[in-house]
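First comes the structure, then the notes that go with it.
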Amino acid sequence: MSNSPILEIVGLHKSYDGNQVLRGIDLRVRAGQLVCVIGPSGSGKSTMLRCCNRLEQPSAGQIVVDGTDIMHARTDLNQVRQKIGMVFQQFNLYPHLTVLGNVMLALKKVQRHPQAEALVRARRALQQVGMLDKVDAYPGQLSGGQQQRVGIARGIALEPKVMLFDEPTSALDPELVGSVLQVMRELREAGMTMLVVTHEMAFARAAADRVVFMDGGVIVEEGAPEQIFGAPQQARTRAFVSRYAAQH
Amino acid sequence: MQQFLFTFFNAEIAARYWPEILRGMGVTVLLSLAVIVAGLLLGLLLAVLRATGQRVLGLAVVAFADIMRSLPPLILIIVLFFAFPYIDLSMSSFTATWLALSLVLAAYAEESIWAGILALPPGQREAARSTGLSWSQTMAWVVLPQALRMAVPPLTNRVISITKNTALGSVVALSEILNTAQAASSNAGNPTPLMLGAAAYLLIFIPVVLLARWLETRWRWKR
(Lines give C-alpha, C1' and ligand atoms only; values in the text may rest on other atoms or scores of the structure.)
Protein backbone atom coordinates (compact mmCIF):
# COMPACT_ATOMS: atom_id res chain seq x y z
CA MET A 1 0.00 0.00 0.00
CA SER A 2 2.77 2.38 0.90
CA ASN A 3 4.21 1.74 -2.52
CA SER A 4 1.24 2.91 -4.57
CA PRO A 5 1.65 6.32 -6.18
CA ILE A 6 -0.58 9.01 -4.67
CA LEU A 7 0.31 11.44 -7.41
CA GLU A 8 1.15 10.35 -10.92
CA ILE A 9 2.00 12.74 -13.73
CA VAL A 10 2.29 11.32 -17.26
CA GLY A 11 3.40 13.26 -20.35
CA LEU A 12 2.49 16.66 -18.94
CA HIS A 13 2.79 19.50 -21.43
CA LYS A 14 2.01 23.15 -20.89
CA SER A 15 2.45 26.06 -23.24
CA TYR A 16 1.48 29.72 -23.06
CA ASP A 17 0.90 31.38 -26.44
CA GLY A 18 3.05 28.85 -28.26
CA ASN A 19 5.75 29.11 -25.62
CA GLN A 20 6.47 25.64 -24.25
CA VAL A 21 6.93 25.75 -20.50
CA LEU A 22 6.58 22.03 -19.80
CA ARG A 23 7.74 19.55 -22.43
CA GLY A 24 6.64 16.17 -21.21
CA ILE A 25 6.91 15.61 -17.48
CA ASP A 26 6.59 12.14 -15.96
CA LEU A 27 6.64 11.94 -12.21
CA ARG A 28 5.33 9.64 -9.51
CA VAL A 29 5.06 10.45 -5.84
CA ARG A 30 4.40 7.48 -3.59
CA ALA A 31 2.48 7.55 -0.35
CA GLY A 32 4.44 9.04 2.51
CA GLN A 33 7.23 10.33 0.30
CA LEU A 34 8.69 13.80 0.36
CA VAL A 35 9.83 14.75 -3.12
CA CYS A 36 11.72 18.00 -3.65
CA VAL A 37 11.81 19.71 -7.04
CA ILE A 38 14.82 21.92 -7.64
CA GLY A 39 16.05 23.82 -10.67
CA PRO A 40 16.76 27.29 -12.03
CA SER A 41 14.06 29.97 -12.22
CA GLY A 42 11.89 29.54 -15.27
CA SER A 43 12.49 25.81 -15.48
CA GLY A 44 8.76 25.13 -15.07
CA LYS A 45 8.82 23.83 -11.48
CA SER A 46 5.98 25.98 -10.22
CA THR A 47 3.94 25.52 -13.38
CA MET A 48 4.20 21.77 -12.99
CA LEU A 49 3.08 22.02 -9.37
CA ARG A 50 0.15 24.29 -10.27
CA CYS A 51 -0.96 21.82 -12.92
CA CYS A 52 -1.35 19.17 -10.22
CA ASN A 53 -4.52 20.83 -8.89
CA ARG A 54 -5.31 22.54 -12.18
CA LEU A 55 -4.71 26.07 -11.03
CA GLU A 56 -2.97 25.96 -14.39
CA GLN A 57 -4.71 24.18 -17.21
CA PRO A 58 -2.32 21.59 -18.68
CA SER A 59 -2.05 21.53 -22.49
CA ALA A 60 -1.67 17.78 -22.60
CA GLY A 61 -0.95 14.87 -20.31
CA GLN A 62 -2.50 12.90 -17.52
CA ILE A 63 -2.50 13.63 -13.80
CA VAL A 64 -3.86 11.05 -11.39
CA VAL A 65 -4.33 11.85 -7.72
CA ASP A 66 -5.19 8.96 -5.42
CA GLY A 67 -6.75 7.06 -8.28
CA THR A 68 -8.70 10.01 -9.72
CA ASP A 69 -7.80 11.33 -13.16
CA ILE A 70 -8.06 15.06 -12.53
CA MET A 71 -7.97 15.82 -16.26
CA HIS A 72 -11.12 13.82 -16.90
CA ALA A 73 -14.11 15.93 -17.95
CA ARG A 74 -16.39 14.25 -15.41
CA THR A 75 -14.05 14.74 -12.46
CA ASP A 76 -15.49 17.14 -9.89
CA LEU A 77 -12.52 19.45 -9.51
CA ASN A 78 -13.76 20.94 -6.23
CA GLN A 79 -14.10 17.44 -4.85
CA VAL A 80 -10.62 16.30 -5.84
CA ARG A 81 -8.95 19.54 -4.75
CA GLN A 82 -9.76 18.66 -1.14
CA LYS A 83 -7.33 15.78 -1.56
CA ILE A 84 -4.58 18.13 -2.76
CA GLY A 85 -3.46 20.73 -0.26
CA MET A 86 -1.44 23.65 -1.54
CA VAL A 87 0.93 26.05 0.17
CA PHE A 88 1.90 29.24 -1.65
CA GLN A 89 5.04 31.31 -1.77
CA GLN A 90 3.08 34.43 -0.75
CA PHE A 91 1.02 32.53 1.90
CA ASN A 92 -2.24 33.90 0.45
CA LEU A 93 -4.03 33.90 3.78
CA TYR A 94 -7.39 35.66 3.81
CA PRO A 95 -6.67 38.99 5.53
CA HIS A 96 -10.28 39.56 6.59
CA LEU A 97 -10.47 36.31 8.57
CA THR A 98 -8.72 35.28 11.76
CA VAL A 99 -6.26 32.40 11.81
CA LEU A 100 -9.09 30.12 12.88
CA GLY A 101 -11.39 31.56 10.20
CA ASN A 102 -8.75 30.91 7.55
CA VAL A 103 -8.41 27.26 8.51
CA MET A 104 -12.13 26.67 9.09
CA LEU A 105 -13.51 28.18 5.87
CA ALA A 106 -13.15 25.15 3.63
CA LEU A 107 -13.90 22.76 6.49
CA LYS A 108 -17.30 24.39 6.81
CA LYS A 109 -18.10 25.39 3.23
CA VAL A 110 -16.51 22.58 1.24
CA GLN A 111 -16.48 19.61 3.59
CA ARG A 112 -19.67 20.83 5.28
CA HIS A 113 -18.57 19.97 8.80
CA PRO A 114 -20.77 21.45 11.50
CA GLN A 115 -19.20 24.33 13.42
CA ALA A 116 -18.09 22.21 16.39
CA GLU A 117 -16.47 19.53 14.24
CA ALA A 118 -14.80 22.12 12.01
CA LEU A 119 -13.40 23.79 15.11
CA VAL A 120 -11.93 20.54 16.39
CA ARG A 121 -10.29 19.80 13.04
CA ALA A 122 -8.98 23.35 12.63
CA ARG A 123 -7.47 23.35 16.09
CA ARG A 124 -5.86 19.98 15.47
CA ALA A 125 -4.24 21.30 12.29
CA LEU A 126 -3.11 24.50 14.00
CA GLN A 127 -1.61 22.47 16.82
CA GLN A 128 0.39 20.47 14.29
CA VAL A 129 2.01 23.65 12.99
CA GLY A 130 2.43 25.16 16.46
CA MET A 131 0.01 28.03 15.93
CA LEU A 132 -2.66 27.15 18.47
CA ASP A 133 -1.85 30.20 20.57
CA LYS A 134 -2.67 32.56 17.68
CA VAL A 135 -6.12 31.35 16.66
CA ASP A 136 -7.74 34.77 17.08
CA ALA A 137 -4.99 36.80 15.41
CA TYR A 138 -5.40 38.25 11.92
CA PRO A 139 -2.81 37.36 9.27
CA GLY A 140 -1.51 40.93 9.26
CA GLN A 141 -0.53 40.58 12.90
CA LEU A 142 1.69 37.56 12.24
CA SER A 143 5.25 37.21 11.01
CA GLY A 144 5.83 35.66 7.60
CA GLY A 145 6.88 32.37 9.14
CA GLN A 146 3.76 32.25 11.29
CA GLN A 147 1.58 33.09 8.30
CA GLN A 148 3.12 30.29 6.29
CA ARG A 149 2.52 27.82 9.11
CA VAL A 150 -1.14 28.86 9.13
CA GLY A 151 -1.12 28.38 5.36
CA ILE A 152 0.10 24.83 5.92
CA ALA A 153 -2.58 24.27 8.57
CA ARG A 154 -5.25 25.49 6.13
CA GLY A 155 -4.11 22.78 3.74
CA ILE A 156 -3.68 19.85 6.10
CA ALA A 157 -6.94 20.56 7.96
CA LEU A 158 -8.81 19.08 4.99
CA GLU A 159 -6.78 15.87 5.45
CA PRO A 160 -5.47 15.78 1.90
CA LYS A 161 -3.71 12.82 0.30
CA VAL A 162 -0.86 15.00 -0.91
CA MET A 163 0.45 18.45 -0.09
CA LEU A 164 1.96 20.70 -2.76
CA PHE A 165 4.43 23.36 -1.64
CA ASP A 166 5.27 26.17 -4.06
CA GLU A 167 8.53 27.69 -2.79
CA PRO A 168 7.10 27.91 0.73
CA THR A 169 10.10 29.70 2.24
CA SER A 170 11.16 31.98 -0.63
CA ALA A 171 9.27 35.01 0.69
CA LEU A 172 10.53 34.61 4.25
CA ASP A 173 13.27 36.43 6.11
CA PRO A 174 16.17 34.01 6.58
CA GLU A 175 15.66 33.70 10.33
CA LEU A 176 12.04 32.58 9.80
CA VAL A 177 12.77 29.85 7.27
CA GLY A 178 13.75 27.30 9.89
CA SER A 179 10.41 27.17 11.68
CA VAL A 180 8.54 26.44 8.45
CA LEU A 181 10.98 23.76 7.34
CA GLN A 182 10.73 22.21 10.79
CA VAL A 183 6.93 21.96 10.41
CA MET A 184 7.41 20.32 7.02
CA ARG A 185 9.80 17.77 8.50
CA GLU A 186 7.29 16.93 11.20
CA LEU A 187 4.56 16.56 8.60
CA ARG A 188 6.68 14.08 6.76
CA GLU A 189 7.27 12.11 9.92
CA ALA A 190 3.50 12.07 10.45
CA GLY A 191 3.26 10.33 7.08
CA MET A 192 2.12 13.15 4.79
CA THR A 193 2.91 12.81 1.09
CA MET A 194 4.57 15.99 -0.13
CA LEU A 195 5.76 17.51 -3.37
CA VAL A 196 7.92 20.55 -2.64
CA VAL A 197 9.29 23.09 -5.09
CA THR A 198 12.14 24.75 -3.25
CA HIS A 199 15.41 26.62 -3.40
CA GLU A 200 16.37 25.31 0.04
CA MET A 201 19.04 22.86 -1.09
CA ALA A 202 20.08 21.94 2.43
CA PHE A 203 16.48 20.99 3.21
CA ALA A 204 16.13 18.99 -0.01
CA ARG A 205 19.33 17.17 0.72
CA ALA A 206 18.51 16.37 4.33
CA ALA A 207 14.76 15.78 4.31
CA ALA A 208 13.74 14.58 0.85
CA ASP A 209 13.24 10.94 -0.11
CA ARG A 210 13.78 11.88 -3.70
CA VAL A 211 15.01 14.96 -5.49
CA VAL A 212 13.91 16.00 -8.97
CA PHE A 213 16.03 18.40 -10.97
CA MET A 214 14.16 20.32 -13.65
CA ASP A 215 15.51 22.56 -16.38
CA GLY A 216 13.96 23.91 -19.56
CA GLY A 217 10.58 22.29 -18.95
CA VAL A 218 11.83 18.74 -18.54
CA ILE A 219 13.00 16.55 -15.69
CA VAL A 220 16.72 16.29 -16.28
CA GLU A 221 17.45 13.94 -13.46
CA GLU A 222 15.80 12.44 -10.43
CA GLY A 223 17.07 10.25 -7.67
CA ALA A 224 18.01 10.01 -4.03
CA PRO A 225 19.38 13.24 -2.56
CA GLU A 226 22.79 11.63 -2.19
CA GLN A 227 22.85 11.00 -5.92
CA ILE A 228 21.60 14.43 -7.02
CA PHE A 229 23.83 16.38 -4.66
CA GLY A 230 26.71 13.91 -4.29
CA ALA A 231 27.08 12.19 -7.63
CA PRO A 232 24.86 13.78 -10.29
CA GLN A 233 24.76 11.84 -13.56
CA GLN A 234 23.87 14.72 -15.86
CA ALA A 235 26.11 17.62 -16.76
CA ARG A 236 23.31 20.17 -16.24
CA THR A 237 22.55 18.82 -12.77
CA ARG A 238 26.25 18.94 -11.91
CA ALA A 239 26.49 22.54 -13.07
CA PHE A 240 23.40 23.59 -11.10
CA VAL A 241 24.39 21.79 -7.91
CA SER A 242 27.97 23.02 -7.97
CA ARG A 243 26.84 26.59 -8.62
CA TYR A 244 24.65 26.27 -5.55
CA ALA A 245 27.51 24.77 -3.53
CA ALA A 246 29.80 27.62 -4.57
CA GLN A 247 27.29 30.21 -3.36
CA HIS A 248 26.76 28.71 0.06
CA MET B 1 -29.58 92.13 12.36
CA GLN B 2 -33.20 92.31 13.37
CA GLN B 3 -34.12 92.38 9.72
CA PHE B 4 -31.92 89.36 8.96
CA LEU B 5 -33.48 87.31 11.73
CA PHE B 6 -36.97 88.35 10.70
CA THR B 7 -36.32 87.33 7.10
CA PHE B 8 -34.44 84.06 7.50
CA PHE B 9 -35.27 82.81 10.97
CA ASN B 10 -38.79 83.95 11.52
CA ALA B 11 -40.16 82.03 14.48
CA GLU B 12 -43.78 82.64 13.62
CA ILE B 13 -43.38 81.34 10.06
CA ALA B 14 -41.25 78.45 11.24
CA ALA B 15 -43.97 77.44 13.66
CA ARG B 16 -46.55 77.55 10.88
CA TYR B 17 -44.61 75.52 8.31
CA TRP B 18 -42.50 73.02 10.24
CA PRO B 19 -45.09 70.19 10.06
CA GLU B 20 -44.95 70.38 6.24
CA ILE B 21 -41.19 70.34 6.22
CA LEU B 22 -41.30 67.35 8.55
CA ARG B 23 -43.52 65.51 6.09
CA GLY B 24 -41.06 66.38 3.32
CA MET B 25 -38.30 65.05 5.52
CA GLY B 26 -40.14 61.75 5.82
CA VAL B 27 -40.34 61.49 2.04
CA THR B 28 -36.64 62.31 1.67
CA VAL B 29 -35.62 59.72 4.26
CA LEU B 30 -37.81 57.03 2.73
CA LEU B 31 -36.60 57.81 -0.78
CA SER B 32 -32.96 57.88 0.31
CA LEU B 33 -33.21 54.51 2.04
CA ALA B 34 -34.95 52.98 -0.96
CA VAL B 35 -32.27 54.39 -3.30
CA ILE B 36 -29.41 53.16 -1.11
CA VAL B 37 -30.78 49.63 -0.80
CA ALA B 38 -31.71 49.23 -4.47
CA GLY B 39 -28.62 51.00 -5.80
CA LEU B 40 -26.11 49.07 -3.71
CA LEU B 41 -27.73 45.68 -4.33
CA LEU B 42 -27.94 46.27 -8.08
CA GLY B 43 -24.36 47.56 -8.12
CA LEU B 44 -23.17 44.46 -6.28
CA LEU B 45 -25.06 42.21 -8.68
CA LEU B 46 -23.58 44.00 -11.70
CA ALA B 47 -20.04 43.74 -10.32
CA VAL B 48 -20.49 40.00 -9.72
CA LEU B 49 -21.89 39.52 -13.23
CA ARG B 50 -18.88 41.36 -14.62
CA ALA B 51 -16.56 39.17 -12.54
CA THR B 52 -17.89 36.00 -14.18
CA GLY B 53 -15.63 36.84 -17.10
CA GLN B 54 -18.41 36.37 -19.65
CA ARG B 55 -17.55 38.81 -22.45
CA VAL B 56 -21.05 39.85 -23.40
CA LEU B 57 -22.18 40.26 -19.81
CA GLY B 58 -19.09 42.28 -18.98
CA LEU B 59 -19.57 44.59 -21.95
CA ALA B 60 -23.24 45.11 -21.06
CA VAL B 61 -22.33 46.02 -17.48
CA VAL B 62 -19.60 48.41 -18.61
CA ALA B 63 -21.97 50.07 -21.09
CA PHE B 64 -24.62 50.50 -18.41
CA ALA B 65 -22.16 51.91 -15.90
CA ASP B 66 -20.60 54.34 -18.37
CA ILE B 67 -23.95 55.66 -19.62
CA MET B 68 -25.43 56.05 -16.16
CA ARG B 69 -22.35 57.83 -14.88
CA SER B 70 -22.31 60.22 -17.83
CA LEU B 71 -25.96 61.27 -17.71
CA PRO B 72 -27.01 63.98 -15.28
CA PRO B 73 -29.48 62.34 -12.84
CA LEU B 74 -31.88 65.21 -13.46
CA ILE B 75 -32.28 64.18 -17.11
CA LEU B 76 -32.93 60.58 -16.10
CA ILE B 77 -35.66 61.67 -13.71
CA ILE B 78 -37.28 63.88 -16.33
CA VAL B 79 -37.15 61.17 -18.98
CA LEU B 80 -38.61 58.54 -16.66
CA PHE B 81 -41.37 60.83 -15.41
CA PHE B 82 -42.33 62.76 -18.54
CA ALA B 83 -41.30 60.53 -21.45
CA PHE B 84 -42.07 57.03 -20.26
CA PRO B 85 -45.83 57.62 -20.06
CA TYR B 86 -45.72 57.82 -23.89
CA ILE B 87 -44.65 54.18 -23.98
CA ASP B 88 -47.33 53.33 -21.44
CA LEU B 89 -44.98 53.32 -18.49
CA SER B 90 -46.39 55.93 -16.19
CA MET B 91 -44.85 56.18 -12.78
CA SER B 92 -45.28 58.35 -9.76
CA SER B 93 -42.78 61.11 -9.08
CA PHE B 94 -41.49 59.03 -6.17
CA THR B 95 -40.93 55.97 -8.36
CA ALA B 96 -39.30 57.98 -11.14
CA THR B 97 -36.87 59.67 -8.75
CA TRP B 98 -36.17 56.43 -6.92
CA LEU B 99 -35.52 54.50 -10.12
CA ALA B 100 -33.29 57.17 -11.66
CA LEU B 101 -31.15 57.64 -8.56
CA SER B 102 -30.94 53.90 -7.92
CA LEU B 103 -29.65 53.29 -11.44
CA VAL B 104 -27.04 56.01 -11.07
CA LEU B 105 -25.94 54.75 -7.66
CA ALA B 106 -25.81 51.19 -9.02
CA ALA B 107 -23.46 52.33 -11.80
CA TYR B 108 -21.08 53.98 -9.33
CA ALA B 109 -21.36 51.13 -6.84
CA GLU B 110 -20.56 48.60 -9.57
CA GLU B 111 -17.42 50.55 -10.49
CA SER B 112 -16.26 50.82 -6.88
CA ILE B 113 -16.87 47.16 -6.10
CA TRP B 114 -15.30 46.10 -9.40
CA ALA B 115 -12.22 48.14 -8.56
CA GLY B 116 -12.09 46.34 -5.22
CA ILE B 117 -12.33 42.96 -6.94
CA LEU B 118 -9.55 43.90 -9.37
CA ALA B 119 -7.30 45.12 -6.58
CA LEU B 120 -7.35 41.72 -4.91
CA PRO B 121 -4.18 39.68 -5.50
CA PRO B 122 -4.98 36.62 -7.68
CA GLY B 123 -3.42 34.48 -4.96
CA GLN B 124 -6.52 34.99 -2.83
CA ARG B 125 -8.71 33.30 -5.41
CA GLU B 126 -6.13 30.60 -6.06
CA ALA B 127 -5.84 29.77 -2.37
CA ALA B 128 -9.62 29.53 -2.06
CA ARG B 129 -10.03 27.39 -5.16
CA SER B 130 -7.14 25.14 -4.09
CA THR B 131 -9.10 24.18 -0.97
CA GLY B 132 -12.07 23.14 -3.10
CA LEU B 133 -14.24 26.24 -2.78
CA SER B 134 -16.37 26.75 -5.89
CA TRP B 135 -16.35 29.95 -7.93
CA SER B 136 -19.40 31.34 -6.18
CA GLN B 137 -18.20 30.27 -2.72
CA THR B 138 -14.87 31.96 -3.43
CA MET B 139 -16.76 35.07 -4.49
CA ALA B 140 -19.00 35.05 -1.42
CA TRP B 141 -16.49 34.22 1.29
CA VAL B 142 -13.11 35.44 0.05
CA VAL B 143 -13.39 37.96 -2.80
CA LEU B 144 -16.44 40.08 -1.96
CA PRO B 145 -15.76 40.55 1.76
CA GLN B 146 -12.41 42.06 0.83
CA ALA B 147 -13.58 43.91 -2.27
CA LEU B 148 -16.48 45.49 -0.38
CA ARG B 149 -14.17 46.69 2.37
CA MET B 150 -11.98 48.37 -0.20
CA ALA B 151 -15.07 49.86 -1.80
CA VAL B 152 -16.44 51.35 1.43
CA PRO B 153 -14.71 54.78 1.33
CA PRO B 154 -15.65 55.60 -2.29
CA LEU B 155 -19.10 54.09 -1.75
CA THR B 156 -19.97 56.12 1.32
CA ASN B 157 -19.08 59.34 -0.52
CA ARG B 158 -21.19 58.30 -3.46
CA VAL B 159 -24.11 57.26 -1.29
CA ILE B 160 -24.10 60.67 0.39
CA SER B 161 -23.95 62.62 -2.86
CA ILE B 162 -26.60 60.49 -4.58
CA THR B 163 -29.04 60.65 -1.68
CA LYS B 164 -28.71 64.43 -1.61
CA ASN B 165 -29.86 64.29 -5.21
CA THR B 166 -33.28 63.33 -3.86
CA ALA B 167 -33.78 67.10 -3.96
CA LEU B 168 -33.97 66.71 -7.75
CA GLY B 169 -37.34 65.06 -7.19
CA SER B 170 -38.69 68.59 -6.74
CA VAL B 171 -38.69 69.05 -10.54
CA VAL B 172 -41.28 66.29 -10.89
CA ALA B 173 -43.32 67.68 -7.98
CA LEU B 174 -42.19 65.14 -5.43
CA SER B 175 -43.01 66.55 -1.99
CA GLU B 176 -39.61 66.01 -0.51
CA ILE B 177 -37.81 68.57 1.66
CA LEU B 178 -36.68 71.04 -0.99
CA ASN B 179 -40.00 71.13 -2.83
CA THR B 180 -42.04 71.57 0.34
CA ALA B 181 -39.69 74.26 1.62
CA GLN B 182 -39.78 76.18 -1.67
CA ALA B 183 -43.54 76.04 -1.84
CA ALA B 184 -43.84 77.17 1.74
CA SER B 185 -41.40 80.02 1.14
CA SER B 186 -43.46 81.31 -1.79
CA ASN B 187 -46.66 81.04 0.17
CA ALA B 188 -45.22 82.81 3.17
CA GLY B 189 -43.26 85.36 1.13
CA ASN B 190 -40.36 84.62 3.44
CA PRO B 191 -37.36 82.28 3.04
CA THR B 192 -37.54 80.90 6.60
CA PRO B 193 -39.00 77.55 5.42
CA LEU B 194 -35.89 77.14 3.24
CA MET B 195 -33.78 77.49 6.36
CA LEU B 196 -35.95 74.86 7.99
CA GLY B 197 -35.31 72.70 4.95
CA ALA B 198 -31.57 73.21 5.33
CA ALA B 199 -31.85 72.21 8.97
CA ALA B 200 -33.79 69.12 7.93
CA TYR B 201 -31.01 68.11 5.50
CA LEU B 202 -28.41 68.57 8.22
CA LEU B 203 -30.52 66.50 10.58
CA ILE B 204 -30.61 63.67 8.05
CA PHE B 205 -27.14 63.80 6.60
CA ILE B 206 -24.89 64.63 9.54
CA PRO B 207 -25.71 61.23 11.09
CA VAL B 208 -25.19 59.60 7.69
CA VAL B 209 -21.78 61.24 7.32
CA LEU B 210 -20.84 60.17 10.85
CA LEU B 211 -22.02 56.64 10.12
CA ALA B 212 -19.89 56.63 6.97
CA ARG B 213 -16.85 57.72 8.94
CA TRP B 214 -17.46 55.01 11.51
CA LEU B 215 -17.89 52.40 8.78
CA GLU B 216 -14.62 53.41 7.15
CA THR B 217 -12.68 52.88 10.36
CA ARG B 218 -14.64 49.87 11.53
CA TRP B 219 -14.26 48.01 8.25
CA ARG B 220 -10.53 48.29 8.01
CA TRP B 221 -8.90 45.08 9.08
CA LYS B 222 -5.57 44.67 10.74
CA ARG B 223 -2.82 44.32 8.19
Side-chain angles (χ1 to χ4, degrees), chain A residues 46 49-50 52-56 76-99 101-112 125 136-142 147 150-160 162-166 171, chain B residues 40 43-44 47-48 51-55 58 109 112-156 211-223:
Chain A
S46 288
L49 201 71
R50 291 160 56 84
C52 292
N53 61 359
R54 278 180 60 189
L55 281 185
E56 301 282 354
D76 181 348
L77 206 51
N78 295 330
Q79 190 69 36
V80 76
R81 274 175 174 160
Q82 299 170 50
K83 295 185 183 180
I84 315 167
M86 188 161 204
V87 173
F88 299 85
Q89 180 175 357
Q90 300 295 341
F91 328 133
N92 296 348
L93 296 184
Y94 315 129
H96 61 299
L97 298 177
T98 61
V99 163
N102 267 272
V103 180
M104 282 175 71
L105 184 62
L107 285 169
K108 286 196 293 194
K109 303 297 171 191
V110 181
Q111 299 195 333
R112 307 250 169 231
D136 293 323
Y138 283 87
Q141 299 169 310
L142 302 177
Q147 288 191 53
V150 175
I152 294 173
R154 179 171 64 184
I156 62 175
L158 301 175
E159 301 187 340
V162 58
M163 284 287 289
L164 310 174
F165 291 79
D166 190 3
Chain B
L40 291 184
L44 178 63
V48 170
T52 58
Q54 302 284 322
R55 246 182 106 78
S112 300
I113 296 169
W114 175 248
I117 291 175
L118 274 193
L120 221 59
Q124 288 290 310
R125 247 159 292 191
E126 290 178 355
R129 297 310 300 275
S130 81
T131 60
L133 290 169
S134 66
W135 186 90
S136 40
Q137 285 176 322
T138 300
M139 210 63 197
W141 303 107
V142 175
V143 175
L144 285 180
Q146 298 184 59
L148 288 176
R149 276 176 166 102
M150 278 187 265
V152 161
L155 271 183
T156 50
L211 180 72
R213 241 180 239 298
W214 177 78
L215 259 183
E216 282 165 26
T217 38
R218 168 85 219 311
W219 275 44
R220 263 200 301 253
W221 63 90
K222 293 142 187 155
R223 265 199 187 275

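Given the structure is predicted, the values throughout are model-derived calculations rather than measurements. Labels below follow one simple rule: chain letters A, B, ... track the order of the sequence lines, proteins then strands, and each chain is numbered from 1.
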Is B:Gln124 reaching over with its side chain to a backbone N or O of A:Leu93, donor-acceptor style, under 3.5 angstrom?
-> yes
Okay, side chain of B:Gln137, backbone of A:Lys109: is any donor-acceptor separation there less than 3.5 Å?
-> yes
Note, B:Arg125 side chain near A:Asn92 side chain (heavy atom, < 4.5 Å) | no
Side chain, backbone, both or neither of [X] within contact of chain B (heavy atoms, under 4.5 Å):
X	answer
A:Ile84	backbone
A:Leu142	neither
A:Arg54	neither

Residues in side-chain contact (heavy atoms from CB on, under 4.5 Å) with A:Ala153, at least two apart?
-> A:Val103, A:Ala125, A:Leu126, A:Val129
How would you list, by chain and number, every residue that makes a side-chain contact (heavy atoms from CB on, under 4.5 Å) with A:Leu97, sequence neighbours excluded?
-> A:Tyr94, A:Asn102, A:Leu105
Quick one: which residues of residues 114-121 of chain B reach chain A at under 4.5 angstrom, heavy atoms only?
-> none
Search all heavy atoms of [X] against all heavy atoms of [Y] and return the closest pair with its distance.
X	Y	answer
B:Arg129	A:Asn78	NH2-OD1, 3.6 Å
B:Thr131	A:Val110	O-CG2, 3.8 Å
B:Val142	A:His96	O-CE1, 3.7 Å

Portion of B:Ala128 that has a non-hydrogen atom of chain A nearer than 4.5 angstrom = both
From the list A:Arg81, A:Gln90, A:Met86, the residue making the most non-hydrogen contacts under 4.5 Å with chain B is A:Arg81
Output every pair passing salt bridge (Lys or Arg N to Asp or Glu O under 4.0 Å) with a member in residues 83-95 of chain A, not counting sequence neighbours, ordered by first then second residue.
-> A:Asp66-A:Lys83
